[in-house]
Amino acid sequence: MAKATKATIKFQKKHLKTAIEQRRKKQKATQIYKKRNPKKFGRGANAGSSSGGNGEDSQGEDDGVEQGQEEDDEDQKGDDKEKGMSVDEFFKNDLESDDEEPESDNEDFAGIDTIVEEDDGSDMEAPAPRKQTASEKAKQAAKEEAAQKIQLQALKEKDPEFYKFLQENDQELLEFDGEMEDLPSEGEDDEDEGEDEDEVDEDEEMEGSDEEMEEAEPKKKGRKAKAVEEEEETLDGVPLVTKDMVAAWQSALVEKHSLRALRRVLLAYRAGAHLHDAEDDRSYAYKINSPVVFNKLVVTCLKYVIPTLDHHLPIQTTSGGKSKPVNSGSKYTTLQPLIKSFLQNTLFLLKELTDQEMIYFVIRESEKAIRYLVGFPKVAKDLLKHLLFLWSTASDRVRIISFLTIRTMCLQLGPNYLDLALKGVYLTFVRYAKTTTVHTLPNLHLMQNCVAQLYGLDVDRSYQHGFVYIRQLAIHLRNAVLIKTKESFKAVYNWQYLHCLGLWSQVVSTHALNNAGQPTPLHALIYPLVQVSLGALRLIPTSTYYPLRFQIIRNLIQLIENTGTFIPLAPFLFEVLEGGEMKRPGRKGTLKPLEWDLGFKCNKDYKGSRVYQDGTGEQVYELMTEYYSLFSTSISFPELAIPAIVQLKRFIKKSGLLKLTKQFAGLVEKLEQNSRFVEQERNQADFSPSDAAGVSGFLRDQDKEKTPMGAYWKGVKRSVMAKRKVIEETRKDRAADKDDEDTAGRSSRKNDDDDEDDDESMDEDDLEEVGDEDDYSD
C-alpha cells in the first residue's frame, strides 16, 4: 500500500472524524426514515437497500465499515475496521460510494413544506427519462430527508426566533417523518419559459388524499384532536369541507398565525377554485358541496391568508428607506409554496367568476398580495393580462379597481412591469376605441383618464412609449399624404386614430410640466404631437369632416391651457366661416341636432341643412371664445386679436344667420375690450420688449377670469355645460328605455356608419406593423 501523502495525513488529523460522523448521521437518518415508512419501501427495503448499497460501495472484507451502522452492537466493529484502514483505502471507498450513489443536483428544498408523494395512480405525472427502481427511490428520499434536517438546523442557527415560533405553534412541522404536506416546492426557473409542464408538476404535488394528511399528523396529538378528525364528514372517501372546519381554520389564522392551518385552508381553497372546472378530472385533498361553505372559504382565504403571510414575512426596508423584495428573506423559501398556491388559485378563481360584485371583492382583497408576485413572474403577467381585460370590459366599479391594482403592480414590482403595463393599457385602449357610441363614450373617457394617470408614474419611460406610438401615428399620416388613396385615408380618418390623438394630448398636457413648472421629458413630445394633429386636420379639408376638425382643435386647446404653448388654431376656425357650408342658405328640415362628440364626419342627410349650419357656427363660436380666453393676459393679445376681429366683422356683415351673428358680435366686443385692457397695462410697464423676463412675467398674477375675455368665456362655458348636461340626461333616458334601446343604438351609429365605404376602423396590426424596429418592449 502506498504511503499516505502529507495532505491526506493533515486531513485525517483535522477533518476525518467530523466527516465520518456526518456520514453516520446521514445513514442513521436513512434507516429511521425507511423503518417508519414500510408501506413505501417494503418490509425488506430497510435491510436490503442499506446492505445492497453498501455492498456496491466496498467489496471484500472492507464492507463491514458500512454494514456496521445497522445495529448498535456492530458500531464498534465498524470502528475497529476503520481504525485498521489506511487513509487511501478509506477515501477510495468513499469515492466509489459517490460514484454509485450520485448526489442530487437540486437540493434546494422548500423547508418544512417539501412534499414526499405517494403513488396515487394519477396520469398527470411528468415524463421521466427512465423509471426509478425501488432502491433508487428509497435512496433519493433518504437523501432528501437528511438534507431537510440539515436545512432546519441551519434555520435554527440563522433565525432562532422563527424556529422557536415553529416549536411553540407547529411542533409537527419539525417532526417530519415523511409527513410533509402536499403543497408544491419548486423554483420559478420554468415559469419564465411559460411551459405547461410547470403547472402539471404542481398539480401532481398538490394532489393528495386524506390518508396522507392523517399520516402526516405527529404522534403527540391528544385524544381530543383525534376525536375531532374521526368525526370529519367525507364524500367518496375525501374529506368534506364544512363551516366548522373553515371557522376553525380562520380562528387559527387570526389568533396563532398557524402555518399548518394555512396549508389546510389553501388545500381546500384550491379545491374550491377548481370546483366548476369541467375539464379538470384531478382529485383534490378536499371536496365542497355547499355554496355557503364555498363563499365562506373564499372570504376566509382572501381576508386572512395575506395577513398571516405578512406576519411571517414582514416588510423590511433598506438603509435608504426603500422596501426590500419579499423573496430576499430567509423565511421566504419555507413559505414560497404556500404563496404560489394562493396566487395561482386566486387568479384561476378570478378568471372563472362572472358576478361583477364577486370579481370586485376578489380584486380588492387580492391587491394586498401584490408584493408577493415578485417571485412569480408568470403569475404576475397572467394577472396583468386579465386585469387589462376586466379594465376594458367590466362594470365601472370593476374597471376602477382593476386599474388601481395595475397601478399598484407598477409601483411595487419594478420597472419591467411598468413597461408591460404602459404598453398593455395603450393597446387595450386602442382595441376598445374602434367604435364610439352613446354607451361606449363614457367608458372611453374613463379609460383615457386612467392611461394618462399611469403614464405619469415614470415620465422617462412614458416618453419612450409616447415617442414610439406618436411616430406610428405620424407614419400613417405620411402614407396618407403621399399615397392619397382611399385606403390610406381610412388609416387616419377613423375612431382609433382620433382617440389616440386625444389620448396623447391628455397625457402630454398633464405631465409635460412638473409641480415646480419645469419641463419634463414628455414636454419634448408637444411639437411632434401638434404637427401630427394639424396634419390630420388638414388632410381632407371639407365640410364633411368638420366634426373631426373640431375634436382635434379641442384637444389642442387642452394642450395650450396646461402647458402654455402657443398653437395657431384661429386660421382653421376662420376657414370654416369662409367655407361654402356657411355661405349658402341652409336647407330646412326636421332633423335632430347633431351630436358632435359621437361622430367624426357628417352624415349625408345633414350636409347643406340648416341644422348642420347652426351647429357648425355654434362650435366655431365656442372654440374661438375659449381659444382667445387662454391668451387674455398675454402681452401680445392686441396683435393676436386683430385677425379675429377683422374676420368676424366680415362674417357678420355677409351672413344671414341672425342668432349666430349676434353671438359673434358679442365676441368681437369682448375681444376689443380685452385688447384695450392689455394695452393699458402695457403702457404702464417699465421694461422694454427685449426684456424676456419682463415679457414672460407680464400679468402673471392676474386672474384670467377677471379680464374681459376671461369673464365672457366663463359665462359661455356655463351655458355650454348646461347644454351638455341636458344631452347626457337624454342619453341616459334612451339607454334606460329597453324598448327603444335598439333604435337608439342604430340612430347613434347612423351619423358615422351610414356609408361603410367611408369609414373603417384601424386594426391592432396596423398599430404594431409600423415601426416594429423601434418598439423596445417585448
*Considering non-hydrogen atoms only, spot the tightest contact between Q356 and A394 and give its length.*
OE1-CB, 3.4 Å
*Looking at F342 and C301, what are the two nearest heavy atoms and their distance?*
CE1-O, 3.7 Å
*With the side chain counted from C-beta on, respond yes when V238 and S283 share a heavy-atom pair under 4.5 Å apart, and no when they do not.*
no
*Straight-line distance of L302 CG to L297 CG, nearest 0.5 Å*: 9.0 Å
_Distance-only side-chain donor-acceptor flag, Y269 / T346, under 3.5 Å_ = yes
_Testing the basics here: between L390 and S402, what is the closest heavy-atom pair and its distance to 0.1 Å?_
CB-OG, 3.6 Å
_Backbone of A247 reached by a side-chain donor or acceptor of S251 within 3.5 Å_ = no
_T437 versus T440, side-chain donor and acceptor atoms under 3.5 Å_ = yes
*Salt bridge K368-E365, side-chain N to carboxylate O under 4.0 Å*: yes
*Heavy-atom donor-acceptor pair, Y286 side chain to A271 backbone, under 3.5 Å*: no
*T428, V425, L446 screened by side chain to side chain contact (heavy atoms under 4.5 Å, CB included) with V451, the one that passes*: V425
_Beyond-backbone contact of F403 with L387, side-chain heavy atoms, under 4.5 angstrom_ = no
*Student check: side-chain heavy atoms of L309 and V326 closer than 4.5 Å*: no
*D382 side chain reached by H386 side chain, heavy atoms, under 4.5 Å*: no
*Do H499 and T436 meet the criterion of a side-chain donor-acceptor pair at a distance under 3.5 Å?*
yes
*Taking all atoms of both residues into account, what is the closest heavy-atom pair of S462 and L422, and its distance?*
OG-CD1, 4.1 Å
*Would you check if there is a donor-acceptor pair between the side chains of T408 and Q412 at a distance under 3.5 Å?*
no
*Which heavy-atom pair separates L262 from V265 by the least distance, and what is that distance?*
O-CG1, 3.2 Å
*Give the C-alpha distance, both sets of side-chain angles, the deciding distance and a yes or no for side chain to side chain contact (heavy atoms under 4.5 Å, CB included) between D396 and N443.*
CA-CA 8 Å; D396 289 344; N443 295 331; 3.4 Å; yes
*asked:* Using side-chain heavy atoms (C-beta onward) and a distance below 4.5 Å, is R264 in contact with M245?
replied: no
*Is L253 close to S258 at the side-chain level, that is, under 4.5 Å between some pair of heavy atoms?*
no
*Can you find a pair of side-chain heavy atoms, one from R407 and one from L457, that are under 4.5 Å apart?*
yes
*Please report the shortest heavy-atom distance between W249 and A268, naming the atom on each side.*
CZ3-CB, 3.6 Å
_Assess, by modelled atom type and distance only, whether the side chains of S341 and N345 contain a donor and an acceptor separated by less than 3.5 Å._
yes
*asked:* Can you confirm if the NZ or CZ of R397 lies within 45° of the ring axis of F361 and under 6.0 Å from the centre of its six-membered ring?
replied: no
*asked:* Are Y426 and H465, when compared by the centres of their aromatic rings, separated by less than 6.0 Å?
replied: no
_Test log, rule side chain to side chain contact (heavy atoms under 4.5 Å, CB included), inputs L383 and L350_ = CA-CA 9 Å; L383 177 61; L350 186 61; 4.2 Å; yes
*Given V246 and K243, is the side chain to side chain contact (heavy atoms under 4.5 Å, CB included) satisfied, shown in steps?*
CA-CA 5 Å; V246 177; K243 291 193 293 185; 5.7 Å; no
